[in-house]
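To keep things clear, I will list the structure first and then write my remarks on it.
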Amino acid sequence: MSSKRILITGAGSGFGEGAAIGLARAGHEVIATTQIYPQVTALRQKAADLGLGNLRVQKLDIRDPYDVEAALKFDIDVLFSNAGIGEAGPVSEIPVDLLRNNFETNVFAPLNLAQKFIRKFIDEGRPGKVVFTSSMGGLFTPAGFGPYVSTKHALESLAEALDGELRPFNIKVQTVNPGAYLTGYNETMAETAFRWLDDSKNFNKRADVQAGFDALIGVPEGQLDPQEMIDAMIRIVPSDTGKFRNVVPAAVEQMLKESQQAAWTHTV
């Protein structure tokens with residue numbers, strides 16, 4: 001596998017930061033982008049401390065049109081679309097504006113950025129690749145996390161459509177689908193529901209919602225070591241071949257297959 005020029009969004013923390021550092025260590029030219037300037041400063045210092053001259057850090061808020069236009073000046077081989085936010089809580093009562101905002105960041109903004117880089121690849125007559133960070137939640141819906149995972153369901157569908165549309169242009173599309181890794185993302189996402197859930201107004205009660213979160217992410221199976229996923233990203237993102245959908249770990253892939261099969265016999 002040859003060295004690649006890779007732009008990563010959402011590299012200010014978690015999987016994105018770990019993958020950016022790991023890909024640079026593997027010899028790739030990495031443009032790690034973050035949403036806000038303090039993250040730029042922090043990651044630049046980490047790159048300097050690690051002696052990674054091939055890890056460039058830039059600000060890219062994927063919903064900022066000026067940031068997007070600036071990012072398009074980079075010549076890259078791979079767009080690793082990793083940035084996202086999470087809203088949690090019962091779909092039956094979540095304020096729709098919060099759900100709409102989650103879709104803007106997790107679906108519409110990534111598609112807009114991908115479209116622009118895809119057009120650049122095509123206009124320049126060269127191959128390219130787009131990798132989206134989806135989720136295990138893009139393939140099933142646990143109660144309490146419906147707002148977030150609905151955005152990943154949508155992203156899965158868009159990625160699958162892009163895969164078919166772009167094959168004639170030699171542009172590859174993949175998703176990476178992390179299980180419940182302990183990066184802090186799931187834990188802080190769970191907190192978002194409690195800024196609007198009110199026991200005096202909502203029929204979904206705060207204690208019940210918290211118990212649901214604890215059952216999913218408060219157990220060892222919900223707190224996996226994120227290095228496993230980061231290592232998978234370092235392997236998958238620059239690869240010349242591979243599966244369209246990449247669920248990690250294998251046990252979660254099997255669980256998702258069983259869950260999808262069970263949907264055909266689910267009764268209400």
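Scored by the salt bridge (Lys or Arg N to Asp or Glu O under 4.0 Å) test, Lys243 finds Glu253 as partners (sequence neighbours excluded). Every residue two or more places apart in sequence or in another chain that forms a side-chain hydrogen bond (donor to acceptor under 3.5 Å, both in side chains) with Glu156 is listed here: Ser134, Asn177, Arg245. Under the salt bridge (Lys or Arg N to Asp or Glu O under 4.0 Å) criterion, Asp225 pairs with no residue at all, not counting sequence neighbours.
No side-chain donor-acceptor contact under 3.5 Å links Lys152 and Thr133. Between the side chains of Asn101 and Arg63, at least one donor N or O lies within less than 3.5 Å of an accepting N or O. For the residue pair Glu258 / Gln254, a side-chain donor-acceptor distance below 3.5 Å is found, with atom types taken as modelled. Side chain to side chain, Asn246 and Thr175 fail the donor-acceptor criterion of an N or O pair below 3.5 Å.
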Which donor-acceptor pairs under 3.5 Å do side chains of residues 12-31 form with protein atoms, sequence neighbours excluded?
{"residue": "Glu17", "atom": "OE1", "partner": "Lys46", "partner atom": "NZ", "Å": "3.2"}
{"residue": "Glu17", "atom": "OE2", "partner": "Lys46", "partner atom": "NZ", "Å": "2.7"}
{"residue": "His28", "atom": "ND1", "partner": "Lys4", "partner atom": "N", "Å": "2.9"}

What side-chain donor-acceptor pairs closer than 3.5 Å can you find for residues 137-150, not counting sequence neighbours?
{"residue": "Ser150", "atom": "OG", "partner": "Gly146", "partner atom": "O", "Å": "3.2"}
{"residue": "Ser150", "atom": "OG", "partner": "Pro147", "partner atom": "O", "Å": "2.8"}

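In terms of modelled atom types and a separation under 3.5 Å, the side chain of Tyr181 and the main chain of Glu228 share no donor-acceptor contact. Side chain of Lys129 to main chain of Val237: a donor-acceptor pair is present (N/O by atom type, distance under 3.5 Å, no hydrogens or angles). Under a 3.5 Å cut-off, the side chain of Ser239 and the backbone N or O of Ile236 do form a donor-acceptor pair. Side chain of Thr265 to main chain of Ala262: a donor-acceptor pair is present (N/O by atom type, distance under 3.5 Å, no hydrogens or angles). Counting only distance, with no hydrogens or angles, the side chain of Asn170 and the backbone of Arg126 share no donor-acceptor pair below 3.5 Å. Listed for the Gln223 side chain is a donor-acceptor partner under 3.5 Å among the backbone atoms of Ile217. Checked by atom type and distance alone, the side chain of Gln39 pairs as donor or acceptor with a backbone atom of Gln35 at under 3.5 Å.
Ion pairing between Asp67 and Lys59 holds under the 4.0 Å rule for side-chain N and carboxylate O. The pair Lys120-Asp75 meets the salt-bridge criterion, with a side-chain N (NZ, NE, NH1 or NH2) lying under 4.0 Å from an Asp/Glu carboxylate O. Ionic pairing of Arg235 and Asp231 is not present here: no N-O contact between side-chain nitrogen and carboxylate oxygen is shorter than 4.0 angstrom. Contact check on Glu87 versus Arg195 returns a salt bridge, with a Lys/Arg side-chain nitrogen under 4.0 Å from an Asp/Glu carboxylate oxygen. Salt bridge status for Lys205 with Asp199: absent, with no side-chain N to carboxylate O gap under 4.0 Å.
As a member of the Ile/Leu/Val/Met/Phe/Trp/Tyr network built from side-chain separations under 4.5 Å, Val91 groups with nothing else and remains a singleton.
No option in Leu162, Ile118, Leu158 other than Leu162 meets the side-chain contact (heavy atoms from CB on, under 4.5 Å) test with Val173. When each of Leu7, Ile8, Ile62 is checked for a side-chain contact (heavy atoms from CB on, under 4.5 Å) with Thr33, only Leu7 meets the rule.
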Please test Glu124 against Arg119 for salt bridge (charged side-chain N to carboxylate O under 4.0 Å, His left out), starting from the C-alpha separation and ending with a verdict. CA-CA 8 Å; Glu124 294 173 358; Arg119 185 56 190 258; over 6 Å; no

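By the criterion of side-chain heavy atoms lying less than 4.5 angstrom apart, applied directly or through intervening Ile, Leu, Val, Met, Phe, Trp or Tyr residues, Leu224 is not grouped with Leu182; the two fall into different hydrophobic clusters.
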